[in-house]
Amino acid sequence: MAGSPNAPVRVGVLALQGDFREHLAVLRTLGADAIPVRRPEELTDIGGLVIPGGESSVMDKLSRAFGLAEPLKRAIADGMPVYGTCAGLIMLADTVIDAIRGQESLGGLDVSVRRNAFGSQLDSFETDLDIPAVGAEPMHAVFIRAPIVETLGEKATALASLDDGRIVAVEQGNLIGTSFHPEVTNDLRFHEYFLRKVRDAAR
Ligand code: GLN
């Protein structure tokens with residue numbers, strides 16, 4: 001079964017805080033067996049994880065308080081596919097600029113990201129992005145107090161940029177991060193892309 005392209009895959013969504021319900025709904029729409037993850041034991045049941053949007057400093061505190069941070073770092077290092085949106089991208093970044101005092105990230109992506117990079121003047125906005133990795137059709141992207149990728153390390157690849165060149169989607173091995181929130185639009189191509197990685201990793 002595991003090798004069949006249409007076998008249902010079990011994936012988790014980190015459900016400590018943020019818009020995890022939207023991600024669960026999208027993943028289930030795509031046929032995945034998606035479960036909320038709040039405890040370290042739950043990580044052993046899944047082939048991949050989505051880290052949702054929300055507030056990275058809170059997610060960081062809760063993941064450490066619930067004993068999830070270290071097992072998550074190990075899972076990332078072991079090659080588990082993980083897709084982070086917005087606050088989730090911040091959690092996956094090796095370096096976080098404009099973090100709150102004491103804020104840590106899980107790391108894994110060889111990038112530095114700046115939190116709340118668009119300032120209060122432009123808190124939230126929408127735009128269309130060209131993202132060849134997921135298909136020729138442009139993707140409508142929703143940004144909400146979004147981070148940007150300020151520096152791209154050698155190991156990471158940019159998947160999408162704004163017109164001014166600032167990077168808003170990255171990939172590195174089994175990790176994907178987007179500044180924006182595909183879970184709030186009907187464009188499910190990033191979640192499909194993530195599920196393909198999960199299926200490939202299960203092989
Ligand atoms: N500004 C939030 C943070 O720093 C991210 C916002 C979001 O996930 N929509 O975590």
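Just so it is clear, the values below take in all heavy atoms, side chains as well, and ignore hydrogens, waters and symmetry mates. As the structure lists them, so they are numbered: ligands from 1, and atoms in each ligand from 1.
Cluster partners of Val142, using a side-chain heavy-atom cutoff of under 4.5 Å among ILVMFWY residues and allowing indirect links, are Ile144, Val184.
Looking at residues two or more places apart in sequence or on another chain, you find no side chain to side chain donor-acceptor pair (under 3.5 Å) involving Arg38. Every residue two or more places apart in sequence or in another chain that forms a ring-ring contact (aromatic ring centres under 6.0 Å, His included) with His191 is listed here: His23, Tyr83.
Enumerated by chain and number, the residues approaching ligand 1 to less than 4.0 Å through a heavy atom are Gly53, Gly54, Glu55, Ser56, Cys86, Ala87, Ile90, Arg115, Asn116, Ile144, Arg145, His181.
In this structure, Leu92 and Val111 have side chains that are not in contact, with every pair of non-hydrogen atoms separated by 4.5 Å or more.
Using a 4.5 Å cut-off between side-chain heavy atoms of Ile, Leu, Val, Met, Phe, Trp and Tyr, with links allowed through other members, Leu89 and Ile176 fall into different hydrophobic clusters.
Electrostatic pairing of Arg115 and Asp98 does not count as a salt bridge here, judged by no charged N lying under 4.0 Å from a carboxylate O.
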